[in-house]
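The analysis underlying the following values was restricted to heavy atoms, covering all of them including side chains, and did not include hydrogens, waters or symmetry mates. Only a predicted model underlies this, so the values are computations on that prediction, with no experimental measurement involved.
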Amino acid sequence: MVVPVSAAASAQAPAPAPAVFTEDASLRSRYAAHRANLAEAVRMAEDADRVGRADRLRAMAAAGTAQFLTFDGRGRGRAVEVFGDLETAERVAVLVPGSDTTLDTYERFRSGAVALQQRLQAERPRSAVVAWLGYDTPGTVSTTVLTAGRADDAAAELAPFLDRLAGMAAPGARLSLLCHSYGSVVCARTATGPAVGDMVLFGSPGTGAASARELPTTARVWSGRGGADWIAGVPHVRLGGLGFGTDPVDPAFGARAFNAGSGGHSDYLKPGTRSLDTLAAIVLGTAPVEEAGHA
């Protein structure tokens, strides 16, 4: 059952307030309500002469086939989108994005999710990908990207979401957290239950923890970085609440190393890359033993 909510508008980006649901609402009803909300957000953006935002929201609607667990078109926006049949999925990858991911840049985030889902389904049809833009990401050029404040807020949202997600997928489904850039700071602060089998940190500036053993998870922790990723040049220090300390690809951190190929910071989920193949293998539980450098 869907509980209607009156519309509200933000001066920054006009959009209706997000739909609210009772606990017994089906996935189908949630998807339908968020599609209707998205259509209304498009209309409100057009009426406010926000043509660019309207075009981007219209693309998100995916001609009426989008499956959102969360959609909030106000301000920078939030969205949690499902690719695949979540109810039958035995493997579920949850993508957590980094800085500057908003509704206005959502297409690049979605493209990575689609590429991963296609790669997973080629080997295991009963799989799904969840693109989790469930927090206010920091700007790349800002002081917030150097601190854990946004990550702490995000982790408080992500942990209960993962618990609910496990109940939406097939019984016994295995979840994997795939955490890019500042998203790795979020994941490193997220307490995960037994359904999360893998936590993968890639393009990470650090986590704020000295080792993988300090993370609040029983999942296997993986780390990798592309050969051309500029984040390799970020100082791995922590001083006065700024910075995130130990590099997760440093053997001293104790994560399982994986081959992330030769790509740059935005290339990890591009079709045809070594990094995409390896990330899919981790989700599927088929990553070669030789790529697990550290337990």
Exercise. Who passes side-chain hydrogen bond (donor to acceptor under 3.5 Å, both in side chains) against D47, sequence neighbours left out?
Worked result: R43
Exercise. Are side-chain heavy atoms of L158 and Y135 found at a separation under 4.5 Å?
Worked result: no
Seminar exercise, completed: Sequence neighbours excluded, the answer for side-chain hydrogen bond (donor to acceptor under 3.5 Å, both in side chains) partners of E123 is R119
Exercise. Got V51 and D55 here, is their nearest side-chain heavy-atom distance under 4.5 Å?
Worked result: yes
For this session: Could you pull out all residues at least two apart from D136 that satisfy salt bridge (Lys or Arg N to Asp or Glu O under 4.0 Å)?
Result: R78
Exercise. Disulfide bond (SG atoms under 2.5 Å apart): which pairs involve residues 153-217, sequence neighbours left out?
Worked result: C179-C187
Problem set entry | L276 and K270, any side-chain heavy atoms less than 4.5 Å apart | no
Exercise. Does the R91 side chain pair with the main chain of S127, one donor and one acceptor, at a distance under 3.5 Å?
Worked result: no
Exercise. Is it true that a side-chain atom of R76 and a backbone atom of T137 form a donor plus acceptor pair closer than 3.5 Å?
Worked result: yes
For this session: Mind checking ring pair (Phe, Tyr, Trp, His ring centres under 6.0 Å) for Y268 and listing every partner two or more places apart, or none if nothing turns up?
Result: H180, F202
Exercise. Does a salt bridge link R274 with D277, judged by any charged N lying under 4.0 Å from a carboxylate O?
Worked result: no
Exercise. What are the two closest non-hydrogen atoms of T278 and N259, and how far apart are they?
Worked result: OG1-O, 3.2 Å
For this session: For the pair F68 and Y106, name the ring-plane relationship: parallel under 30°, tilted 30 to 60°, perpendicular over 60°.
Result: tilted
Exercise. Side chains of Q117 and V114: closer than 4.5 Å at any heavy-atom pair?
Worked result: no
Problem set entry | salt bridge (Lys or Arg N to Asp or Glu O under 4.0 Å) partners of R35, counting only residues at least two apart | none
Problem set entry | Value rounded to 0.5 Å, distance of OG1 in T207 from CG in L215 | 5.5 Å
Problem set entry | Transitive ILVMFWY cluster of V234, excluding itself - 4.5 Å side-chain cut-off | W230, I231
Exercise. How long is the gap from CZ on R220 to CE on M199, to the nearest 0.5 Å?
Worked result: 13.0 Å
Exercise. Just by modelled atom types, is the G226 backbone N or O under 3.5 Å from a matching donor or acceptor in the D229 side chain?
Worked result: no
Exercise. How far does OG1 of T102 sit from CZ of R56, to the nearest 0.5 angstrom?
Worked result: 8.0 Å
For this session: Under the side-chain contact (heavy atoms from CB on, under 4.5 Å) rule, collect the residues that match up with A62, sequence neighbours excluded.
Result: T65, A66, R110
Exercise. Is there a side-chain contact between V92 and L86 (heavy atoms, below 4.5 Å)?
Worked result: yes
Exercise. Would T190 and T192 satisfy side chain to side chain donor-acceptor pair (under 3.5 Å), going step by step from the backbone distance to the final call?
Worked result: CA-CA 6 Å; T190 302; T192 66; over 6 Å; no
Problem set entry | Candidates L95, D198, L162 - the one meeting side-chain contact (heavy atoms from CB on, under 4.5 Å) with L177 | L162
For this session: Measure the shortest side-chain to side-chain distance between T70 and W132 over non-hydrogen atoms and say whether it is less than 4.5 angstrom.
Result: no
Exercise. Can a cation-pi geometry be assigned to R30 and F21, taking NZ or CZ under 6.0 Å from the six-membered ring centre and within 45° of the ring axis?
Worked result: yes
Exercise. Considering residues at least two apart in sequence or located in another chain, which fulfil the salt bridge (Lys or Arg N to Asp or Glu O under 4.0 Å) criterion with D247?
Worked result: R225
Problem set entry | Under the side-chain contact (heavy atoms from CB on, under 4.5 Å) test, residues paired with S211 that sit two or more places apart | R213, E214
Exercise. Listed by chain and number, what are the side-chain contact (heavy atoms from CB on, under 4.5 Å) partners of S99, not counting sequence neighbours?
Worked result: P138, T140, V145
Problem set entry | Those residues that, when tested against D153, pass side-chain contact (heavy atoms from CB on, under 4.5 Å) (two or more places apart) | none
For this session: Give a yes or no answer on whether the side chain of E90 reaches the backbone of R126 with a donor-acceptor pair at less than 3.5 Å.
Result: no
For this session: Return yes if some donor-acceptor pair links the side-chain N/O of S223 with the main-chain N/O of P248 below 3.5 Å, else return no.
Result: yes
